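To start, the structure itself, in structure tokens.
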Amino acid sequence: MTVRTRFAPSPTGYLHVGGARTALFSWLYARKHGGKFVLRIEDTDLERSTPESVNAILEGMTWMGLEYDEGPFYQTDRFNRYNEIIQQLLDDGHAYRCYCSKERLDELRETQMAAKTKPRYDGHCLKNKADDVDAPHVIRFRNPVGGSVIVNDLIRGKVAISNDELDDLIIRRTDGSPTYNLTVVVDDMDMNITHVIRGDDHLNNAPRQINILNALGAEAPIYAHVPMILGDDGSRLSKRHGAVSVMQYRDDGFLPEALLNYLVRLGWSHGDQEIFSIDEMISLFDINDVNKAPSSFNTEKLEWLNQHYIKESDPAHIASLLSPHMGDLGIDPSQGPDLVEVVKAQQERANTLVEMADISQFFYKDYDDFDEKAAKKNLRPVAAEPMQKIREALAALTEWSEDTIHTAIHDVADALEVKMGKVAQPLRVAVVGRAASPGIDVTLFLVGQDACLRRIDRALAYIEARANETTGN
RNA sequence: GUCCCGUUCAUCUAGAGGCCUAGGAUAUCGCCCUUUCACGGCGAGUACAGGGGUUCGACUCCCCUACGGGACGCCA
């Protein structure tokens with residue numbers, strides 16, 4: 001038996017991290033067992049499904065690198081097949097027409113809730129035949145009475161649910177469209193899905209689906225219900241927690257490998273290992289090791305992983321990903337130092353690409369204003385002399401390289417008999433506008449001779465203005 | 001309300017009855033490295049939800065309580 005898993009989102013929004021993790025687990029399971037991973041779009045809810053959502057989901061899957069072997073299949077293309085099955089169930093007495101109005105059902109539900117019992121359909125139309133068979137109606141699956149259904153879940157273990165808890169669910173709406181519980185069953189059966197790995201909000205649906213499968217004489221797949229992901233604050237993940245869309249993470253400067261690594265460790269672990277390459281995930285992942293309890297999304301840990309991958313990745317690769325973020329800041333990286341060199345200088349200093357873009361702006365354009373604290377601390381009158389000397393030394397350089405810059409700065413420090421910090425730090429603030437930057441040599445080198453001299457002049461003017469301010473009138 | 005599921009540091013987790021004075025990671029704090037910021041190294045504090053059993057022994061097994069989540073739709 002070859003393993004076949006699937007990811008079956010409904011296109012009613014973007015791909016969020018919860019769905020992405022479910023997809024990842026499903027994908028890993030298929031890859032690990034040399035099976036197939038199928039993508040199916042569950043768009044039977046005509047009201048809420050949109051093509052934009054389909055695109056968003058596809059885009060998210062692509063960005064994450066979760067390539068599917070078959071699909072995407074659309075359920076809206078398969079209505080004939082569903083109707084065929086519904087007819088079969090009707091013919092076999094496993095389903096029946098129900099003419100109850102929504103009003104009657106609402107009332108029934110309210111009464112039952114008020115009586116503190118679980119709301120269930122009362123089987124009214126099973127007992128009473130309608131006068132007009134063709135009057136508007138839905139079709140209900142006739143759930144077995146008595147006994148219980150056992151879901152043998154790879155993650156939860158054996159879960160038993162009494163058939164008396166289940167009612168006769170609607171499998172076809174008044175408008176003739178099939179509903180979720182019917183379509184999943186038919187699709188999983190037709191697509192030969194062997195392992196259904198999905199969110200545990202579906203655990204309650206499994207018994208119903210198994211019953212339908214039994215009525216159809218089909219074998220049930222193996223289930224694995226993965227726990228939900230909660231937000232940073234432990235509540236249910238939602239839009240209010242900020243970036244829940246996978247694509248939002250891309251826009252926020254995260255690498256797909258970081259998100260993948262983060263997600264695979266959420267609810268699953270392999271001893272003390274934190275870093276997993278894709279290949280390691282595939283070889284080490286075991287659905288049996290997935291935790292039962294829900295886990296909270298922790299952005300700080302994701303950032304740590306992101307920094308790790310930024311640090312470890314090929315600078316040229318990071319540069320290509322960084323480029324659009326520079327663009328967002330109005331910077332054209334081709335006008336200035338080689339972005340790859342900038343990445344090498346910043347690689348250990350940014351949690352996200354957005355952050356890297358921000359701290360790299362000064363390589364391409366003069367800063368707007370000095371960082372107030374940095375300027376106050378470093379651009380003081382005592383810095384004027386060394387700064388002036390440095391300016392002269394740098395201006396005199398005929399060869400602009402990290403080595404020559406390094407020597408020039410050290411020579412000035414030696415001549416003045418002061419520590420490097422006394423000259424380098426004011427110089428840094430002068431050139432980058434703030435207190436933090438990569439090493440001073442490479443920073444100056446990449447900024448370029450002209451820009452360095454221009455900015456040093458600006459700092460000297462600032463120091464002078466400040467001196468006048470404090471001394472006089 | 002009814003049914004289902006869950007509960008180890010702030011967070012992600014290790015733990016399959018003695019290996020646990022409960023381990024790792026993130027975050028936090030401290031020290032070291034250092035021309036800044038980072039990186040890196042070292043170190044600190046913080047957890048078995050509560051109560052009953054079972055057992056020579058329970059984080060691990062059973063029961064109850066509390067808390068959290070899910071489901072109960074002509075949504076998926």
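Just so it is clear, the values below take in all heavy atoms, side chains as well, and ignore hydrogens, waters and symmetry mates. Just so you know, these numbers come straight off a predicted model, no measurement behind them. Labels below follow one simple rule: chain letters A, B, ... track the order of the sequence lines, proteins then strands, and each chain is numbered from 1.
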What nucleotide, of [options], holds the atom closest to the side chain of [X]?
| X | options | answer |
| --- | --- | --- |
| A:R349 | B:A71, B:U35, B:C37 | B:C37 |
| A:R109 | B:U26, B:U2, B:C74 | B:C74 |
| A:D272 | B:G6, B:G23, B:U35 | B:G23 |
| A:E274 | B:U26, B:G24, B:C37 | B:G24 |
| A:L105 | B:C12, B:C74, B:C5 | B:C74 |
| A:L203 | B:U2, B:C4, B:A76 | B:C4 |
| A:Q425 | B:C74, B:U36, B:C4 | B:U36 |
| A:K118 | B:C74, B:C72, B:U35 | B:C72 |
| A:R156 | B:C5, B:G1, B:U35 | B:C5 |

| Looking only at atom C1', what distance separates B:C20 and B:U8, rounded to whole Å? | 12 Å
I'd like to know if [X] reaches the base of [N] with its side chain such that a donor and an acceptor end up less than 3.5 angstrom apart.
| X | N | result |
| --- | --- | --- |
| A:N298 | B:A10 | no |
| A:T174 | B:C74 | yes |
| A:R434 | B:U36 | no |
| A:Q112 | B:G1 | no |

| field | Pair partner, B:U36 [Watson-Crick or wobble, under 3.5 Å] | value | none
| request: Both distances under 3.5 Å, Watson-Crick or G-U wobble: report the partner of B:G73, or none. | output: none
Tell me: [atom1] of [X] to [atom2] of [N], nearest whole Å?
| X | N | atom1 | atom2 | result |
| --- | --- | --- | --- | --- |
| A:D188 | B:A76 | CG | P | 15 Å |
| A:K292 | B:U60 | NZ | C1' | 13 Å |
| A:Q75 | B:A76 | CD | P | 8 Å |
| A:N204 | B:G73 | CG | C1' | 14 Å |
| A:D200 | B:C3 | CG | P | 19 Å |

By the 4.0 Å heavy-atom rule, please label [X] as base, sugar-phosphate, or nothing.
| X | answer |
| --- | --- |
| A:G439 | base |
| A:A293 | sugar-phosphate |
| A:T44 | sugar-phosphate |

| query | Under 4.0 Å between a side-chain N/O of A:N291 and OP1 or OP2 of B:A14, yes or no? | reply | yes
| field | Cation-pi check, A:R140 onto A:Y121 ring (under 6.0 Å, within 45° of axis) | value | yes
| Which comes earlier along RNA chain B counting from the 5' end, the contact point of A:I161 or that of A:A435, where each point is its nearest nucleotide? | A:I161
| said: If you assign each of A:R21 and A:P438 to its closest nucleotide in RNA chain B, which residue comes earlier from the 5' end? | reply: A:R21
